[in-house]
Amino acid sequence: MPAIVLVGAQWGDEGKGKATDLLASRIDYVVKFNGDNNAGHTVVVGNEKYALHLLPSGILTPGVTPVISNGVVIDLEVLFGELSALSSRGIDVSRLRVSANAHIITSYHRTLDKVTERFLGKRQIGTTGRGIGPTYADKINRVGIRVQDIFDEGILRQKVESALEIKNHLLVKIYNRRAITADEVITELLSFADRLRPMVCDTSLELNNALDANKTVLFEGGQATMLDVDHGTYPFVTSSNATSGGALTGSGIGPKRVDRVIAVVKAYTTRVGSGPFPTELFDESGEYLRSKGFEFGTTTGRPRRCGWYDAPIARYTTRINGVTDFVLTKLDVLTGLDQIPVCVAYDVDGTRVDEVPVNQSDFHHATPIYENFPGWTEDITGVRKFDDLPANAQKYVLALEAMSGARFSAIGVGPARDAIVVRHDLV
Ligand code: GDP
Ligand code: IMO
Ligand code: MG
C-alpha cells in the first residue's frame with residue numbers, strides 16, 4: 001500500500017491533522033503538497049496540543065520523514081519559527097526534506113495579500129493574509145522565487161528586482177504604500193540560506209525512490225476540496241489544488257502510485273472566510289456547534305461559520321478526488337442534540353437539485369432540503385468500537401455513509417489522539 005492521499009472534504013478544518021497523526025505510526029513519509037501557513041492543524045498528543053501551519057502533521061511521529069514538496073509555497077520565517085518551537089518541545093525535526101522547486105513567500109507577497117483584500121472591500125475573499133494568493137500568482141506568471149534561487153545571490157537579485165519593478169508601481173501608485181527595496185528582500189531571504197541548505201533536495205526523486213523501495217508515503221492536503229482553485233467555490237477559494245490531483249503535480253509522482261484516497265469529513269460543516277455555504281446556520285444551533293466544537297480558526301482565530309452536514313458536497317468530494325475511504329470527525333460534538341438535520345439535496349429556484357450545481361450563482365441561491373435524524377445523549381468520547389456507539393449515532397453514521405459515495409472507515413469521537421473508532425484499516 002505505498003501511496004495514500006489524504007484531503008479535506010469540505011471547506012477545511014475537518015481534522016486532517018488528527019487523521020494524519022493517526023496513520024503516522026504506520027507510514028514512512030508524510031508529504032505536504034500544497035498551500036503554506038494558511039493551513040492550521042491542531043493535534044492533541046497526551047496533554048500537549050500542537051498547532052502546525054506549514055509542517056506536515058506527521059512530524060510529530062518519531063521515524064516519519066516529513067517532506068515539503070514542490071507544490072507548496074514557503075514562508076521561511078514561519079518555517080524556522082515552527083521548527084524551533086517544535087525542537088524546544090523535544091520533537092526531532094532533523095529529517096525534514098524541502099523541495100528545491102517550492103516557491104517562496106516574500107514580504108511583498110504578504111503586503112500585497114493584505115492590501116488587495118482591503119482594496120476589494122465588500123468583495124474580499126477573507127484570506128488568511130499570509131501571502132498565499134500573490135505567491136501562487138507569481139508562480140503562474142513565471143516571476144516567482146524558488147527555494148533553489150536563494151543559494152545563488154546573483155540569480156536571486158535578478159529575480160527579486162524584476163518582480164519588484166511592477167509590484168512597486170502597484171504598491172505606491174494604486175495602494176498608496178511605500179516601495180519595497182530589493183535589498184531588504186534579498187537580505188531577509190539570504191539570512192535563511194545556511195539553515196535551509198541541508199534540508200533541500202529533489203523531493204520528487206526521493207519520494208519515487210521511496211515508493212520503489214515499497215515505503216509507505218502519505219500525501220497530506222492542506223485546505224480542502226471546496227477551497228480548491230479549480231473545483232471549489234471560486235473565487236472564494238485558496239490558490240492551490242487541494243484535491244487529490246494536486247498531490248501528483250504538487251510532488252512529482254505518477255497517478256498509478258496512488259491506491260488509496262482518504263477524505264476527512266466533519267459530522268457537520270464549517271467554513272472560514274467568505275463564499276457560499278448552503279447549510280450555514282445563523283441561529284442558536286450554529287452557535288451551539290461553534291462553541292461545542294470549538295470552531296475558531298487555528299491560523300487566524302476567526303470564528304468559523306457553522307452548518308449541518310451537506311451530503312451533496314460529500315458526494316462531490318468523492319467524485320473529484322476518487323475517494324476510497326472517509327474519516328468522519330467530531331461525531332461527539334453532535335451528542336445531546338434532539339434532532340440532527342442532514343442536507344440531502346438543494347432547492348434551486350423551486351427545482352430539486354441532487355448534486356452540487358456547476359453554476360456558482362445556483363450554488364449561492366441553493367437552499368438545503370433536510371432530512372432529520374434522531375440524536376443521542378450518551379457520552380461517546382470513550383467509545384472505541386462501532387457497535388458500542390448509541391444506536392442513533394450508528395444510524396446517523398450509516399446514513400451519511402450511504403449518501404456520501406464511499407465507506408466511512410474511521411470515526412472521530414473526541415479531540416484526543418486515540419479518540420477514534422476504526423471500522424476498516426486505513427494503511
Ligand atoms: P485541519 O485543518 O483539518 O487539520 O483541522 P483543524 O486542526 O484546523 O481543526 C480540527 C479541530 O478538531 C482540532 O482542534 C482537532 O483537535 C479537533 N478534532 C479532530 N477530530 C476530532 C473529533 O473527533 N472530535 C472532537 N471533538 N474534536 C476533534
Ligand atoms: P486547513 O488546512 C479553512 C480559506 C481562507 C479564505 C480562503 C483563501 O487548516 O483546513 P488564502 O489565505 O488561502 O488565500 O485564503 O481559504 N482558508 C482556509 N479555511 N482551513 C484552512 O486550512 C484554510 N486555508 C485557507 O479563510 O476563505
Ligand atoms: Mg485547520
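Fair warning: this is a prediction, and the values are worked out from it, not measured in the lab. Each ligand, and each atom within it, is numbered from 1 in the order the structure gives.
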Leu331, any N or O under 3.5 Å of ligand 1 N or O: no
Atoms of ligand 1, numbered as shown, that sit under 4.0 Å from any heavy atom of Arg304: 8 (O), 9 (O)
Numbering as shown, the atoms of ligand 1 that approach Val413 to under 4.0 Å (heavy-atom distance): 23 (O)
For ligand 2, the portion of Leu227 having any non-hydrogen atom under 4.0 Å away: side chain
Per-atom contacts, ligand 1 versus Gly17 - under 4.0 Å to a heavy atom: 4 (O)
Lys16-ligand 2 polar pair, N/O distance under 3.5 Å: yes
Nearest protein heavy atom with distance in Å, relative to atom 8 (O) of ligand 1: Gly40 O, 2.7 Å
Part of Trp11 with heavy atoms under 4.0 Å of ligand 2, whether side chain, backbone, both or neither: backbone
Within 45° cone and under 6.0 Å: Arg305 NZ/CZ vs Phe277 ring: no
Ligand 2-proximal atoms of Arg130, by part, heavy-atom distance under 4.0 Å: neither
Inter-residue atom distance Arg130.CZ - Thr128.OG1, 0.5 Å rounding: 5.5 Å
N or O contact, Thr128 vs ligand 2, cut-off under 3.5 Å: yes
Shortest heavy-atom approach to atom 5 (C) of ligand 2 - which of Gly126, Gly273, Ser240: Gly126
Side-chain H-bond candidate by donor/acceptor type, Asp379 with Thr381, under 3.5 Å: yes
Polar atom proximity, Ala39 to ligand 2 (N or O, under 3.5 Å): no
Nearest-neighbour protein heavy atom for atom 21 (C) of ligand 1, which is reported as residue plus atom name and distance: Gly414 O, 3.5 Å
Side chains of Arg195 and Ser84, donor plus acceptor under 3.5 Å: no
Asp13 OD1 and Gly40 O subtending at the Mg ion (ligand 3) (10° steps): 160°
Residue, atom name and distance, where the atom is the protein heavy atom closest to atom 24 (N) of ligand 1: Asp332 OD1, 2.8 Å
Residue and atom name of the nearest protein heavy atom (relative to atom 9 (O) of ligand 1), distance in Å to one decimal: Asp13 O, 3.6 Å
Heavy-atom nearest neighbour of atom 13 (C) of ligand 1 within options Thr42, Thr329, Thr298, Val421: Thr42
Aromatic ring proximity Phe296/Phe294, centre distance under 6.0 Å: yes
Asn168 side chain to Tyr108 side chain, donor-acceptor N/O pair below 3.5 angstrom: no
Any N/O pair Asp113/ligand 2 closer than 3.5 Å: no
Numbered atoms of ligand 1 (with element) below 4.0 Å of Gly15, judged on heavy atoms: 1 (P), 3 (O), 4 (O), 5 (O), 10 (C)
Within-cut-off N or O pair, Thr238 and ligand 2, under 3.5 Å: yes
Proximity flag Val237 to ligand 2, non-hydrogen atoms under 4.0 Å: yes
Test side-chain hydrogen bond (donor to acceptor under 3.5 Å, both in side chains) applied to Ser94 and Asp92, step by step: CA-CA 6 Å; Ser94 63; Asp92 174 16; 2.7 Å; yes
Distance from atom 20 (N) of ligand 1 to nearest protein heavy atom, with residue and atom: Lys18 CD, 3.4 Å
Option nearest atom 15 (O) of ligand 2 (shortest heavy-atom distance, choices Ile132, Thr300, Thr127): Thr127
Contact check: Gly40 vs ligand 2, nitrogen or oxygen atoms, below 3.5 angstrom: yes
Ser239 N/O under 3.5 Å from ligand 2 N/O: no
For atom 27 (N) of ligand 1, the protein heavy atom that lies nearest, with its residue and separation: Lys330 CE, 3.4 Å
N/O separation below 3.5 Å, Ser274 to ligand 2: no
Contact check, Gly8 vs ligand 2, heavy-atom distance below 4.0 Å: no
Nitrogen or oxygen atoms of Val333 and ligand 1 under 3.5 Å apart: no
Ligand 2 contact on His41 by region, counting heavy-atom pairs under 4.0 Å: side chain
Which of the ligand 2 atoms, numbered from 1, are nearer than 4.0 Å to a heavy atom of Gly12: 10 (O), 20 (N)
Per-atom contacts of ligand 1 with His41, taking only distances under 4.0 Å to non-hydrogen atoms: 1 (P), 2 (O), 4 (O), 7 (O)
Any Gly222 heavy atom less than 4.0 Å to ligand 2: yes
Stepwise ring pair (Phe, Tyr, Trp, His ring centres under 6.0 Å) test for Phe326 and Phe408: CA-CA 5 Å; Phe326 277 100; Phe408 278 30; 5.2 Å; yes
From CA spacing to verdict: salt bridge (Lys or Arg N to Asp or Glu O under 4.0 Å), Glu287, Arg290: CA-CA 5 Å; Glu287 199 44 61; Arg290 190 172 306 112; 2.7 Å; yes
Option of least heavy-atom distance to atom 25 (C) of ligand 1 (set: Gly412, Pro415, Ser57, Ala9): Pro415
